[in-house]
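Chain letters run A, B, ... following the sequence lines, proteins first and then strands; every chain starts at 1.
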Amino acid sequence: MQCVVDHAHDLRSEYVLRITGTVRQRPEGTANANLPTGEVEVGDCEVEVLSTAEPPAFPISDRIEADETVRMKYRYLDLRRDRMQRNLRIRARVNAALRRSMEQQGFVEIETPLLWTPTPEGAREFLVPSRLQPGSQYVLPQSPQIAKQLLMVAGFDRYYQIARCLRDEDLRADRQFEFSQLDVEASFVEPEDIYGFIGEAVADATEAVTGTRPDIERLPYSEAMERFGVDKPDLRFAMELTELTEVFSATGFKAFQAQCIKGIRVAGGSQEFGRNKLDALTDRAKSLGAKGLVWMRVKAGGELESPVAKFLSAGEQQALHKEMGAHPGDLLLLVADERRRVQEVLGQLRLDLGKPPVSEGPYRFVWVTDFPMFDGRDDAGHPVAAHHPFTMPHPDDVDLLDSDPLAVRSQAYDLVLNGWELGSGSIRIHRSDIQARVFRALGVSDEEAAARFGFLLGAFRYGAPPHGGFAVGLDRLTAILAGEDNIREVIAFPKASSGVDPMTGAPKPVDARVLADVGLRTLPPPT
RNA sequence: GGUCCUGUGGUGCAGUUUGGAGUGCACGCCGGCCUGUCAAGCCGGAGGUCGCGAGUUCAAAUCUCGUCAGGACCGCCA
């Protein structure tokens with residue numbers, strides 16, 4: 001708002017002022033249609049300086065992007081910018097909408113402890129030394145998982161919480177040490193019930209920010225992997241992986257005598273990708289683990305231009321052309337390898353070549369369902385839990401636990417938005433016989449299970465309802481709704497990727513006396 | 001632990017490829033002028049360890065090595 005002042009004042013940017021005056025129409029010829037307040041002004045102003053200000057370390061303006069280091073060091077100035085004001089207000093709207101939605105759906109908000117017990121396995125935990133029990137540690141929870149399951153045993157059959165979670169793992173654009181989740185658990189539910197609860201809440205939050213209520217699609221895990229090569233597909237663009245294994249089932253071309261062949265079609269890409277770019281793509285594919293990358297340009301007459309074209313029969317070329325839906329000018333990229341490898345490589349290339357910016361395009365929510373129970377094997381040959389060890393196997397697959405564990409589907413599901421994993425959940429095991437079989441499959445002995453999770457397993461002996469739940473990553477949801485590709489932009493005081501807070505300087509050494517109080521002594525810094 | 005990108009007055013950039021005096025642009029800052037302006041305008045001025053340390057060279061912002069910081073990614077995140 002423009003203020004008209006009669007007498008000179010020594011006013012600088014970022015001063016804090018109290019201005020008293022009268023709002024009035026601007027005089028003829030001074031209106032400015034480009035400003036929201038361009039029709040009016042405050043006249044006959046009295047100005048009082050409440051606080052002077054040094055020039056800020058960087059311009060407080062959305063027009064100029066300051067260096068991250070400087071922004072973080074002076075975060076309180078950075079937060080004055082329109083962009084950050086907007087982002088944090090979007091976050092508040094998301095937060096409020098989620099709470100409102102869960103309350104309306106009859107859920108009860110219950111807080112769980114931040115000082116929790118170590119549960120070795122999973123993410124590395126932050127330790128909190130105990131003063132009253134010197135030498136012993138609490139940990140900060142990586143999630144309220146076990147606490148909320150105990151609440152189910154306790155009879156709070158619909159629990160939710162906007163929970164802070166802490167994981168001492170390396171930071172990324174979508175990962176901070178501490179992050180917030182809409183954490184949910186309910187009793188007597190099936191996956192459909194969870195999709196309903198969470199879908200409602202997330203749609204409410206999205207509508208609160210964008211004004212439009214999104215649909216949420218469904219995709220089984222195996223289909224996501226076959227069509228998109230990832231378990232968190234970005235459905236905003238196609239370029240799907242085409243199955244070509246059958247096409248080359250009898251091929252004489254050695255490189256295509258593989259378990260799986262798939263391809264992606266870059267529409268109109270044959271012009272854009274000259275030899276340099278194709279070489280770069282091949283290097284990229286190799287760095288992703290492929291043995292190689294076969295490229296083909298689709299010529300005007302439909303014939304294929306490729307270093308390997310001469311090894312392929314006319315029938316194979318025709319079938320390939322048809323399966324890929326090729327048009328003249330397209331670029332085809334093929335990978336042959338083990339199925340999982342093919343999916344990974346082409347899934348990543350698809351993202352490299354086609355993924356739109358986060359700020360673009362519709363919100364394509366999708367439930368990825370029927371995740372496998374286990375994901376590969378550890379060094380000892382035991383299957384590794386894909387979700388967590390309390391995940392209920394798919395009812396049809398329970399009998400495979402011993403015979404073919406890697407084929408067991410679980411009742412676990414993810415919510416994905418535009419290629420970001422927003423969160424995951426599952427139906428939990430509430431029967432001790434099934435839990436015992438899962439632990440056995442994982443190679444966890446009874447003693448070990450009792451030592452780690454005894455208090456949970458003990459609770460289950462006193463009548464545990466069937467239950468399941470979910471957790472939605474608030475930082476990620478908010479970032480996408482705000483059009484930001486880094487969750488730091490929706491967190492008031494984030495950490496740098498080194499884990500340091502450039503504003504406060506944390507973490508810092510503390511006095512040896514303070515350490516002694518909690519029974520600790522520091523080692524000399526590693527050399 | 002690894003790969004890659006970035007680091008130049010307070011801020012944002014150009015200069016680095018092909019070594020030749022700290023050269024340039026915009027913003028800000030200081031002084032002055034002007035002013036119904038709204039990213040105000042005009043004139044003048046100050047402000048630099050080219051992240052840091054070695055090396056190559058007659059000569060390094062520029063080339064090499066190391067190191068620090070920020071960022072992206074891999075590992076990691078049940």
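- Between B:rU11, B:rG70, B:rA72, one nucleotide has an atom nearer to the side chain of A:A173 than all others, and that is B:rA72.
- Using N1 to N3 plus N6-O4 or O6-N4 for Watson-Crick, or N1-O2 and O6-N3 for G-U wobble, each under 3.5 Å, B:rU62 pairs with nothing.
- Taking atom CG of A:D375 as the reference point, atom C1' of B:rC76 lies 14 Å away to the nearest angstrom.
- B:rU16 is unpaired under the Watson-Crick or G-U wobble criterion, no partner having all donor-acceptor distances under 3.5 Å.
- Atom CD in A:E68 sits about 11 Å away from atom P in B:rG70, given to the nearest Å.
- In this structure B:rU11 sits in a base pair with B:rA26, meeting the Watson-Crick or G-U test at under 3.5 Å.
- Evaluation of atom-type donor-acceptor distances gives no pair under 3.5 Å for the side chain of A:D67 against the base of B:rG12.
- Residue A:T30 places no side-chain N or O under 4.0 Å from the OP1 or OP2 atom of B:rU37.
- Judged by distance alone with a 3.5 Å cut-off, no donor-acceptor contact links the side chain of A:R12 to the base of B:rC29.
- Phosphate contact (OP1/OP2 of B:rC74, side-chain N/O of A:S287, threshold under 4.0 Å): absent.
- On a pure distance criterion of 3.5 Å, a polar donor-acceptor pair joins the side chain of A:E41 and the base of B:rG36.
- In this structure, the CZ atom of A:F58 is 20 Å from the P atom of B:rG7, given to the nearest Å.
- Applying the Watson-Crick and G-U wobble criteria (two distances, each under 3.5 Å), B:rA69 pairs with B:rU6.
- In this structure, the CZ atom of A:R71 is 12 Å from the C1' atom of B:rG71, given to the nearest Å.
- With distances taken from any side-chain atom of A:E169 to the nucleotides B:rA72, B:rC76, B:rG71, the minimum falls on B:rC76.
- Using the Watson-Crick or G-U wobble rule with both distances under 3.5 Å, B:rA39 pairs with nothing in any strand shown.
- Base pairing of B:rA46: no nucleotide in any strand meets the Watson-Crick or G-U wobble criterion (both distances under 3.5 Å).
- Going from atom CD of A:E14 over to atom P of B:rG28 covers 13 Å, rounded to whole Å.
- A:R488 has a side-chain polar atom (N or O) that falls below the 4.0 Å cut-off from OP1 or OP2 of B:rG71.
- A donor-acceptor contact under 3.5 angstrom links the side-chain atoms of A:R175 to the base of B:rC77.
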